[in-house]
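The structure appears below as structure tokens.
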2 protein chains.
Amino acid sequence: MGRPRWLSKEEKRAWNAFITAHALLFQRLDQQLKRDMGLSHLQYEILARLSDTPDRELRMSELADAVQNSKSGLTYQIGQLEQVGLVRRRNCRNDVRAVYACLTDEGMAQLERAAPGHVAMVRELFIDAMTPDQLRALADGLGEANRRMRESAAESAGASGLEAR
Amino acid sequence: MGRPRWLSKEEKRAWNAFITAHALLFQRLDQQLKRDMGLSHLQYEILARLSDTPDRELRMSELADAVQNSKSGLTYQIGQLEQVGLVRRRNCRNDVRAVYACLTDEGMAQLERAAPGHVAMVRELFIDAMTPDQLRALADGLGEANRRMRESAAESAGASGLEAR
DNA sequence: TGTGGATAGTTCAAATTTTAATTCAAGATG
DNA sequence: CATCTTGAATTAAAATTTGAACTATCCACA
């Protein structure tokens, strides 16, 4: 491992833009979802993931994985969503340990009310600010970064037997 | 306002890559900083911003702004950093209300120890996964998005007299 | 079989973040 | 000057997130 190279001007510009964009974007998106729908972005994501599924349900672990959240964090959020009737828990018949989180009709309805405004805002703030070329380059570049991170995570998990998150 | 347009496949791909990249990246970066240096990424950012300044100090508000954090959140974090001696508070002579957060020598030293590993990881996970073209496109595109968001935030603040955050 | 090691999910306490007041002082208004 | 509004920072309370136990299966295989 050689002497660490600092970031060049251009590299720093990209990294900064990335961090700032995320902060600014989620400041707005979170706030809008909360104000209009009483949902945090995480809750929205949970509902959205569930709705994308054939039976509108997922196991806790899968869901935690899908929304990139810790298991205990998900337990908490599902608890919240259950209290307000947007999600319901169901036990699995084959595996007593497993629990499914299921989107209720009410939850689906709420998601459908929330989605248009949310999507409009994503479009306005993110999509429309970039050219199609830039959008593609971003998807390709970050996609590759994601692939690498997933791969190296899988490796080290396999090597050490550790299971973080 | 017309019927809301859903995201196209390509748009969704970009948006997804963006969200996922941030989550994956910060999972790693946070963990590495915490493990190796006992710092959260926010704390690292605070130290870094302070170090970038001529006198290694900034007013609480400016700093909060710079690291995109709420004022009360910053109060908390500066409290933590102060306890471990990386930062020190100082009152302003002109304005009794104002407080400066100052990087201590110890803080600077800690930052200098932390930076190489952090930068190396940013490079490995983010920079090196993309081509220079992709990096430039990302910086340009997200830069434009940021410009717009800042502008529209400034507008609505001016118009309504509101001061969020 | 029955044991040891993964898995699934929850629980609890501690750390952090958020949100809504609160405290003081500066600046403007009249 | 008296008052009113704004600005800077903190405090207090509530909500959320983290991380380490803990409980209870499931599974492979000796």
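Order of the sequence lines sets the chain letters (A, B, ...), proteins ahead of strands, with each chain counted from 1.
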**Residue pairs, two or more places apart or on separate chains, that pass salt bridge (charged side-chain N to carboxylate O under 4.0 Å, His left out) and touch residues 122-132 of chain B** =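 Those involving residues 122-132 of chain B are A:Glu11-B:Arg123.
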Sub-4.5 Å side-chain heavy-atom contact between B:Leu39 and B:Leu47:
yes
Query raised in the report: Rounded to the nearest 0.5 Å, how far does CG of A:Leu81 lie from OG of A:Ser40?
Result: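 So the OG of A:Ser40 and the CG of A:Leu81 are separated by 7.5 Å.
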To the nearest 0.5 angstrom, please state how far the CD atom of B:Glu57 sits from the CG atom of B:Leu63.
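It comes to 11.5 Å.
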Cut-off 3.5 Å, side chains only: do A:Arg35 and A:Gln32 have a donor facing an acceptor?
-> no
Side chains of A:Ser152 and B:Arg28: donor-acceptor distance under 3.5 Å anywhere?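 On atom types as modelled, these side chains qualify, holding a pair under 3.5 Å.
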Could you state the [atom1]-[atom2] distance from [X] to [N], rounded to the nearest angstrom?
X: A:Lys71; N: D:dA24; atom1: NZ; atom2: C1'; value: 13 Å
X: B:Asp65; N: D:dA8; atom1: CG; atom2: C1'; value: 13 Å
X: A:Arg59; N: D:dC26; atom1: CZ; atom2: C1'; value: 11 Å
X: B:Asn91; N: C:dA26; atom1: CG; atom2: P; value: 12 Å
X: B:His41; N: D:dT18; atom1: NE2; atom2: C1'; value: 18 Å
X: B:Gln43; N: C:dT16; atom1: CD; atom2: P; value: 7 Å
X: A:Lys34; N: C:dT17; atom1: NZ; atom2: P; value: 16 Å
X: B:Phe26; N: D:dT18; atom1: CZ; atom2: P; value: 14 Å

Within residues 75-83 of chain B, residues whose heavy atoms come under 4.0 Å of DNA chain C: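 Close to the strand are B:Tyr76, B:Gln77, B:Gln80.
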Within residues 93-104 of chain A, the residues having a heavy atom closer than 4.0 Å to DNA chain C are A:Arg97, A:Ala98, A:Val99
Testing C:dA8, D:dT18, C:dT19 for proximity to the side chain of A:Ser70, the answer is D:dT18
| Using the ring of each side chain (for Trp, its six-membered ring), is B:His22 parallel, tilted or perpendicular to A:Phe18, with breaks at 30° and 60°? |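 It falls in the tilted class, 30° to 60°.
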Which label fits B:His41 and B:Phe26: parallel for a plane angle under 30°, tilted from 30 to 60°, or perpendicular past 60°? perpendicular
Shortest non-hydrogen pair, A:Ala17 vs B:Ala139, comes out as CB-O, 4.1 Å
_By the 4.0 Å heavy-atom rule, please label A:Leu74 as base, sugar-phosphate, or nothing._
nothing
Nearest-nucleotide 5' precedence on DNA chain D, A:Ser72 against B:Arg89: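 Looking at the nearest nucleotide for each, B:Arg89 comes out on the 5' side.
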